[in-house]
Protein chains: 2
Amino acid sequence: MAEEQNAQDFTEDGDEGKRPLTRIQKVNRGKILEAALEVFSANGFRGATLDQIAAEAGLSKPNVLYYFPSKEAIHEALLGGLLDVWLAPLRAMNPEGEPREEIMRYMRRKLEMSREMPRESRLFANEVLQGAPRIGSGLSSDLKTLVDEKAAVIDHWIAQGRLAPVDPHHLIFSIWALTQHYADFDVQVRAVLGPGKDPIEGAAPFLDLLFTRLLTP
Amino acid sequence: MAEEQNAQDFTEDGDEGKRPLTRIQKVNRGKILEAALEVFSANGFRGATLDQIAAEAGLSKPNVLYYFPSKEAIHEALLGGLLDVWLAPLRAMNPEGEPREEIMRYMRRKLEMSREMPRESRLFANEVLQGAPRIGSGLSSDLKTLVDEKAAVIDHWIAQGRLAPVDPHHLIFSIWALTQHYADFDVQVRAVLGPGKDPIEGAAPFLDLLFTRLLTP
DNA sequence: CGTGACCCTGACCGATTGGTCAAACTGTTC
DNA sequence: GAACAGTTTGACCAATCGGTCAGGGTCACG
């Protein structure tokens, strides 16, 4: 029950030895990362055990540690490999595009990701909640750079009068908060709404309305 | 560094033995709960250890277990005692009041709580993130009841034309998401904004604007 | 089909963790 | 101040955890 594609080729090594990476290696590293995503996102770093990950991946514990030197290394590989995917929609925001359309597209894409990749969302949420001890300053400074860059774009749009004046940083935070809420607090949302349709289906028109009203001058 | 008031008297027992609760008992249970809030909110349930809690409380581990039968029991006492505090602002929403004012007041109070009680927010976030295994159906059904009740009030306001038409459940979710984001993802918010003023100071006017625009017909 | 590199595992280890217990200590009450 | 309930602790335990290791199995390639 863990048979997805893990589109990651792992050329990531600092120095020399770039062995071509066996077929078995590719398969098993993929299985481990998929299992680790499942287990880490559901239990957090400390709550997850190597035995769980090994069982979920269908491998023995020593075999898992044959492919990754430690539990921490698995976690890092996961986070590092996923961060780009996670930030891609924001990167894709086009300064040349129509302002409201660009921001709405970003919001909708993030909401889509909450539906399609809730485990990834929870993985990051877990990490940040505990003070981001394992993702730390390096990635956080990349994040800051990207956000500052896009905030400047939004400010420019506002200066042109093409967007209602709002604090761009908090606008971005609000997109994160509102979309990721449906992935991170899924159980609570479902508990309140009761059984039935996908909560995100109801969220989509609400968020459309919310951001339309916020951004229209 | 853990000297706050813990306003909880703990009459909570199902059946008979209601001993008057010694002075020492009141003090030490308070110390333990305060320490547990600190440790659980920072590390999650599984990430927290009894030794950490004992050290933070300034007690020995066996002494902690003299006052609470298990780590789980401490966690439950914390969550149970805090849930009322957490939901009080929503309970306080007055059906007789002016609609936008009531909702704005609720939002502002929640934001205030993110500033003043971030540990409590993270405690709940941790619990819900992991699927709420220890808070479960009982509390979730209380929560649903309360939210459904208030959603009905909001719907009534909308029917009267005193509020712009919005999905009341998702409106409440949006208040939760936007306000708690600043407590739960504090490190990320600060990393992006850079060092300086309290992020919530910047959030307050933004959220005022956002909800004003959303709710004005 | 042989051989060397790669892959896999059972058994094991030391550290940590939640929890126990007997014994000692302290506060309170008559 | 005797006596008893209430409080505290060092020593200890069983289970779990991340990680190691020696040895055996398997794959690809000549």
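Order of the sequence lines sets the chain letters (A, B, ...), proteins ahead of strands, with each chain counted from 1.
- Contact annotation: A:T22 reaches the phosphate of C:dC7 (side-chain N/O to OP1 or OP2, under 4.0 Å).
- The one candidate from B:L33, B:L37, B:L59, B:V39 that meets the side chain to side chain contact (heavy atoms under 4.5 Å, CB included) condition with B:I53 is B:V39.
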**Request:** Test B:L207 against B:L111 for side chain to side chain contact (heavy atoms under 4.5 Å, CB included), laying out the working first.
**Result:** CA-CA 9 Å; B:L207 294 183; B:L111 188 61; 4.0 Å; yes

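- Applying the 4.0 Å criterion to OP1 and OP2 of C:dT9, one finds that A:N63 has a side-chain N or O inside that range.
- Annotation for B:R134 and B:L79: closest pair O-CD1, 4.4 Å, computed over non-hydrogen atoms.
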Taking only nitrogen or oxygen atoms into account, show me every contact under 3.5 Å that the protein makes with nucleotides 24-26 of chain D, one pair per line with its distance.
none

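- Separating the CG atom of B:L59 from the C1' atom of D:dG10 is a distance of 16 Å, rounded to the nearest angstrom.
- Under the ring-ring contact (aromatic ring centres under 6.0 Å, His included) criterion, the residue pairs touching residues 34-54 of chain A are A:F40-A:F45, A:F40-A:H75, A:F45-A:H75, with sequence neighbours excluded.
- Looking at A:T49 and A:K71, their side chains never come closer than 4.5 Å, going by heavy atoms from C-beta outward.
- Distance CD1 (B:I32) to P (D:dT7): 11 Å, rounded to an integer number of Å.
- Among the nucleotides C:dC6, D:dT7, C:dC8, the one closest to any side-chain atom of A:Y67 is C:dC8.
- Classified by interplanar angle (parallel below 30°, tilted 30° to 60°, perpendicular above 60°), the ring pair B:F173/B:H170 is perpendicular.
- Rounded to the nearest 0.5 angstrom, B:F211 CZ and B:M107 CE are separated by 6.0 Å.
- For the residue pair B:V192 and A:D148, the shortest heavy atom distance occurs at O-OD1, 4.0 Å.
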**Item:** A:Q25 and A:Y67: CA distance, side-chain angles, deciding distance, side chain to side chain contact (heavy atoms under 4.5 Å, CB included) verdict
**Value:** CA-CA 8 Å; A:Q25 270 170 3; A:Y67 289 103; 3.8 Å; yes

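- In this structure, A:I53 places its CD1 atom 12 Å from P of D:dC17, rounding to the nearest Å.
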**Request:** Sugar-phosphate means primed atoms, P, OP1 and OP2; the rest is base. With that split, encode nucleotides 17-30 of chain C 5' to 3' as B, S or - using protein heavy atoms under 4.0 Å.
**Result:** SBBBB------S--

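- Contact check, B:Y66 against D:dT7: a side-chain N or O comes under 4.0 Å of OP1 or OP2.
- For the pair A:Q25 and C:dC6, the criterion of a side-chain N or O lying under 4.0 Å from OP1 or OP2 is not met.
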